[in-house]
Protein chains: 2
Amino acid sequence: MGTVERITTAMAELMRRQGYAATGIAELARAAGVPNGSVYHHFRGGKRDVAARALRESGAAYGQLLPTLLEPYDDLATGIEAAFAEAGRTMAESGWMAMCPVATVTAEIADVEPELRAVGADVMTGWVEGGAAFLRGRGLGDDDAREVVHAVLAALEGAFVVARGLRSREPLDAAGRALGAWVATLPVGVPAP
Amino acid sequence: MGTVERITTAMAELMRRQGYAATGIAELARAAGVPNGSVYHHFRGGKRDVAARALRESGAAYGQLLPTLLEPYDDLATGIEAAFAEAGRTMAESGWMAMCPVATVTAEIADVEPELRAVGADVMTGWVEGGAAFLRGRGLGDDDAREVVHAVLAALEGAFVVARGLRSREPLDAAGRALGAWVATLPVGVPAP
DNA sequence: TTCGCTCTAGAGCGAACGTTCTAGCATCGT
DNA sequence: ACGATGCTAGAACGTTCGCTCTAGAGCGAA
């Protein structure tokens with residue numbers, strides 16, 4: 001694993017655990033196992049630069065998570081419910097910190113670090129477009145696909161936050177059941193190519 | 001308005017805008033219009049103490065928000081949809097920063113400031129219990145009431161984060177329509193006393 | 001007036017922050 | 001063999017951090 005990659009993955013991990021502001025360069029370098037100065041050699045723009053790259057990379061990974069979780073289920077509604085339940089299991093196993101770094105950082109710095117907010121918006125837009133394409137492939141209409149993605153994304157990120165605070169799976173389970181039941185009522189046409 | 005109150009409201013405002021870690025005591029004192037030392041005179045426990053009080057106070061205020069928004073609507077489902085839409089309007093007007101400080105801070109510091117996480121959990125538990133009682137009063141069964149509160153809370157907090165990042169009402173509108181449609185399918189009995 | 005107390009006011013503390021700088025090591029093509 | 005280059009390594013810079021400390025303003029009680 002290259003040095004750059006070690007730095008960005010360490011940054012993503014630290015950011016999802018404690019956010020952007022509380023993560024220092026020295027701490028990052030220690031976590032990545034590189035000297036302080038190497039961070040600035042590879043990331044000319046300093047801390048903000050590292051955070052932006054880390055958000056983009058981990059954002060891309062998270063974007064593939066939902067389609068992957070839904071893939072095995074023929075029925076979209078039960079798939080969504082199962083995906084939320086799986087997220088709850090993962091979170092409990094990780095000691096309630098397996099949250100998405102994009103949401104953590106966006107909530108924290110949206111009004112103070114415009115460049116990072118823009119990166120987060122980019123990543124989220126990618127999720128929405130990718131997710132909508134996936135759902136259209138499952139037979140949903142254009143508008144419904146977009147609406148489902150936004151509702152699922154919001155519920156998932158929010159349930160992460162509440163579950164993390166309460167240290168309970170209940171928010172994730174409840175949100176999953178609610179959205180599953182709702183999606184089950186939507187009309188499904190012939191799957192698009 | 002007393003000094004203590006000025007400090008806690010300023011802290012809540014700063015935390016929802018930029019989180020806990022990025023908010024300094026000097027900045028807080030300036031925003032509250034009090035000298036640096038006064039903060040420590042009134043809050044022996046320092047920054048953490050201020051944050052805890054600010055979270056409890058603004059948390060109580062937010063807890064009354066949803067019942068207040070739902071009150072005018074006879075039908076719960078349309079009330080929920082309208083409440084999400086109203087939240088979206090408020091957020092757009094505020095320049096996309098009218099988020100809930102409890103969610104922002106919980107996401108940011110859950111694993112690093114155990115005391116503040118516990119405060120956030122306390123506040124959220126109050127929301128869930130208060131919200132469930134309200135919904136039982138609207139005729140929902142015990143289990144359904146709890147499930148609806150958790151789903152609505154998760155969707156609302158998550159939609160705030162995504163809307164803030166994207167600077168768009170779409171997440172809030174989509175989440176509101178989804179949850180409204182789902183709640184409309186739940187059985188409603190005779191309103192409890 | 002004078003004491004006692006609360007709170008204001010801000011200077012000052014050591015530590016940690018993001019960043020820059022210089023020195024040294026390794027691996028090239030020539 | 002050799003300078004050039006890419007990267008490591010960490011000391012050091014000025015600033016800002018959370019917090020403590022001291023000095024005094026304000027005010028009711030005696």
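So that the names make sense, note that chain A is the first sequence line, chain B the second, and so on, each numbered from 1. Hydrogens, waters and symmetry mates are skipped; everything else that's a heavy atom, side chains included, is used.
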Undergrad: Would you mind reading off the distance between Arg44(B) atom CZ and dT6(C) atom P, rounded to a whole angstrom?
TA: 10 Å
Undergrad: Please tell me if the side chains of Met124(A) and Val128(A) come closer than 4.5 Å, counting only heavy atoms from C-beta onward.
TA: no
Undergrad: From C-beta outward on His41(A), which listed nucleotide comes closest to its side chain: dC7(D), dA9(C), dC7(C)?
TA: dC7(D)
Undergrad: Nearest to the side chain of Tyr40(B) - dG18(C), dG18(D), dA9(D)?
TA: dG18(D)
Undergrad: Could you pull out the closest heavy-atom pair between Ala175(B) and Ala154(A), with the gap in Å?
TA: CB-CB, 4.4 Å
Undergrad: According to a strict under-4.0 Å criterion, is Ser38(A) in side-chain N/O contact with OP1 or OP2 of dA9(D)?
TA: no
Undergrad: Whole Å only: how far is the CG atom of Asp49(B) from the C1' atom of dG18(D)?
TA: 14 Å
Undergrad: For a quick check of understanding: with a heavy-atom distance under 4.0 Å over all strands, which category does Gly24(A) fall into, base, sugar-phosphate or nothing?
TA: sugar-phosphate
Undergrad: Is it true that the NZ or CZ of Lys47(A) lies under 6.0 Å from the centre of Tyr20(A)'s six-membered ring and within 45 degrees of the ring axis?
TA: yes
Undergrad: If you count the non-hydrogen atoms of other residues, nucleotides and ligands that lie under 6.0 Å from CZ in Arg48(A), is the total more than 12?
TA: no
Undergrad: With a cut-off of less than 4.0 Å, is there a side-chain N or O of His42(A) near OP1 or OP2 of dT8(D)?
TA: yes
Undergrad: For the pair made of CZ in Arg6(A) and C1' in dA9(D), what is the distance, rounded to whole Å?
TA: 14 Å
Undergrad: Output the rounded distance in Å from NZ (Lys47(A)) to P (dT20(C)).
TA: 14 Å
Undergrad: Using a 4.0 Å heavy-atom cut-off across all strands, classify Gly46(B) as base, sugar-phosphate, or nothing.
TA: sugar-phosphate
Undergrad: Taking CE from Met11(B) and P from dG18(D), how many angstroms apart are they, rounded to a whole number?
TA: 9 Å
Undergrad: Paired with dT22(C) by Watson-Crick or G-U wobble geometry, both distances under 3.5 Å: which nucleotide is it?
TA: dA9(D)
Undergrad: If you compare every side-chain N and O of Thr3(B) against the phosphate oxygens of dT8(C) (OP1, OP2), does one of them come in below 4.0 Å?
TA: yes
